[in-house]
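Below, chains carry the letters A, B, ... as their sequence lines are ordered, and counting in each starts from 1. Note that this is a predicted model, so its numbers are computed, not measured.
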Protein chains: 2
Amino acid sequence: MNTFTEENYLKAIYHLSLQSSSVSTNQIAASLNTKAASVTDMLKKLAEKGLINYTKYQGVTLTAAGEKIAVSIIRKHRLWEYFLVEKLNFKWDEVHDVAEELEHISSKELVDRLDDFMGHPKYDPHGDPIPDSNGLFKTHELKPVATLVINENGIISGVRDHSTAFLQYLERMQLTIGKKIKVTEINDYDHSVILQVEDKKVHISREVANNLLIAI
Amino acid sequence: MNTFTEENYLKAIYHLSLQSSSVSTNQIAASLNTKAASVTDMLKKLAEKGLINYTKYQGVTLTAAGEKIAVSIIRKHRLWEYFLVEKLNFKWDEVHDVAEELEHISSKELVDRLDDFMGHPKYDPHGDPIPDSNGLFKTHELKPVATLVINENGIISGVRDHSTAFLQYLERMQLTIGKKIKVTEINDYDHSVILQVEDKKVHISREVANNLLIAI
DNA sequence: TAAAAAATTTAGATTAGTCTAAATATTTTA
DNA sequence: TAAAATATTTAGACTAATCTAAATTTTTTA
Ligand SMILES: [Mn+2]
Ligand SMILES: [Mn+2]
Ligand SMILES: [Mn+2]
Ligand SMILES: [Mn+2]
């Protein structure tokens, strides 16, 4: 099929495509911690295989075939993360690196049975949607807590930053997926926000409010 | 750590070491479907890393460090096979290839938690012992059904041939791990054997009797 | 709109793993 | 115990993925 490395490139291009329609060499290099020259080489190979549309100096988009592969990798990544948290009692901040390896296990039978075993979960531990066996999933509409006004409420449904540091911080503050929150105060000076979470008040910075997402 | 390929070499050397004390270049090449020249190159690298004892033309043995890695790969292989059969409802003849990939997932935390989740199984679906988290396991004593005499009985506890064809044949004959069998007849001419298995008689060839193992 | 800056590609190396063919060592056998 | 046969290693080449440095293209800016 495709190498481990090719799969990682396709996944990176897919994620970057959600931001901008066309993806640049440097964006890919940054996201994969590699050099632009290496990216150019790989882009030629992926174009050769019909997985991306590539014109020199013009950036790339995924073809339908490339997107299908990218989505299947993402399905595996998120299902494994769900498994690790729900069945093996990992914390939500501990699963990403292991899932980066598990997502490359090739058996489709395996991932489909894993999906059955867990009852077809719709979202991974970070609130990201899990594509079904046909690659279909809702791109759910989320917005940052920072966009709420006083007295607005919502349900925590995702994060924009997946770093261990951020996830651990949220865990400590009890700002986890599914929690109902209400904005009680917004600081004019630094745009920090005070939330009502269950029976407690939690004070978060503008940065945190930007990276914490609620369902619309 | 070590590459996927290095791990496969160590595992192959480990398995071959169970037969003969020292393992030859050609034996390794055959077991990994590669060429002797490639094996020589890898042996130099593994010796350099202190994982094998290698003297030109004299074959190799694992060092303690090499054996530790080999056993940890085998632990992962067998635990994943158990998981696939017991939790995901794979058949015992369908799990080996997937486990060949899963055994290279590096997280020790993952495999230890998987072990916990499944209640620390002692044997994999083919009857092979699963090393514990410290690499310890009983090398259980098994002997081929072919060594039994008339009226001797035993419990099916392992296989010498792990091929899909053989496992499917055994499944069809209901000769699966844990079944109690008794030798009722041995054919002088072709050494085929008739077994009593539960309420049925099963006729197996000498070859099958040699590859089907019972606890001593 | 021409020069400067930034982005991207090309050229040329490097490393891991593999191969074939040739050379060398070991083992078998007569 | 010296050929012959077999096993193993070496030599030299190839592919995938990576890198640095140089060349080229695109974009920005003055
Ligand atoms: Mn993740
Ligand atoms: Mn996730
Ligand atoms: Mn196996
Ligand atoms: Mn097994």
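- Atom CG in B:N33 sits about 13 Å away from atom C1' in C:dT18, given to the nearest Å.
- B:T25 comes within 4.0 angstrom of the backbone, heavy atoms only, and of no base.
- The CG atom of B:D128 sits 9.5 Å away from the CZ atom of B:F137 when rounded to the nearest 0.5 Å.
- Note that the CG atom of B:D115 and the CZ atom of B:R78 stand 13.5 Å from one another [nearest 0.5 Å].
- Of the charged side-chain nitrogens involved, at least one lies within less than 4.0 Å of a carboxylate oxygen, so that A:E100 and A:K11 count as a salt-bridged pair.
- B:S38 has a side-chain polar atom (N or O) that falls below the 4.0 Å cut-off from OP1 or OP2 of C:dC19.
- Atom CG of A:D41 and atom P of D:dC19 are 10 Å apart (whole Å).
- Regarding B:Y9, its OH atom lies at a distance of 14 Å from the P atom of C:dA16, rounded to whole Å.
- Distance, A:K35 NZ to D:dT20 C1': 8 Å, rounded to whole Å.
- Under 4.0 angstrom from either OP1 or OP2 of D:dA7 there lies no side-chain N or O belonging to B:S24.
- Nearer to the 5' terminus of DNA chain D, by closest-nucleotide assignment, is the contact made by A:F4 (compared with the other of A:A37 and A:F4).
- At whole-Å resolution of the value, NZ in A:K44 and P in D:dT15 are 16 Å apart.
- Using a 4.0 Å cut-off between charged side-chain N and carboxylate O, A:R75 and A:D112 make a salt bridge.
- Rounded to whole Å, the distance from CD on B:Q58 to C1' on D:dT9 is 13 Å.
- OP1 or OP2 of D:dT8 has at least one side-chain nitrogen or oxygen of B:N26 nearer than 4.0 Å.
- Across the protein-nucleic acid pair, A:Y57 atom OH and C:dA7 atom C1' stand 9 Å apart, rounded to whole Å.
- When the side-chain nitrogen and oxygen atoms of A:K56 are compared with OP1 and OP2 of C:dA7, none of them lie within a distance under 4.0 Å.
- Summarising the geometry, the separation between CE on B:M42 and P on C:dA16 is reported as 10 Å, rounded to the nearest angstrom.
- Within 4.0 Å (heavy atoms only), A:T40 reaches at least one base atom of the nucleic acid.
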Exercise. Please report the C-alpha distance between B:W80 and B:E103 in whole Å, then the side-chain angles of each, then the deciding distance to 0.1 Å, and finally whether the side chain to side chain donor-acceptor pair (under 3.5 Å) criterion is met.
Key: CA-CA 7 Å; B:W80 280 115; B:E103 72 189 8; over 6 Å; no

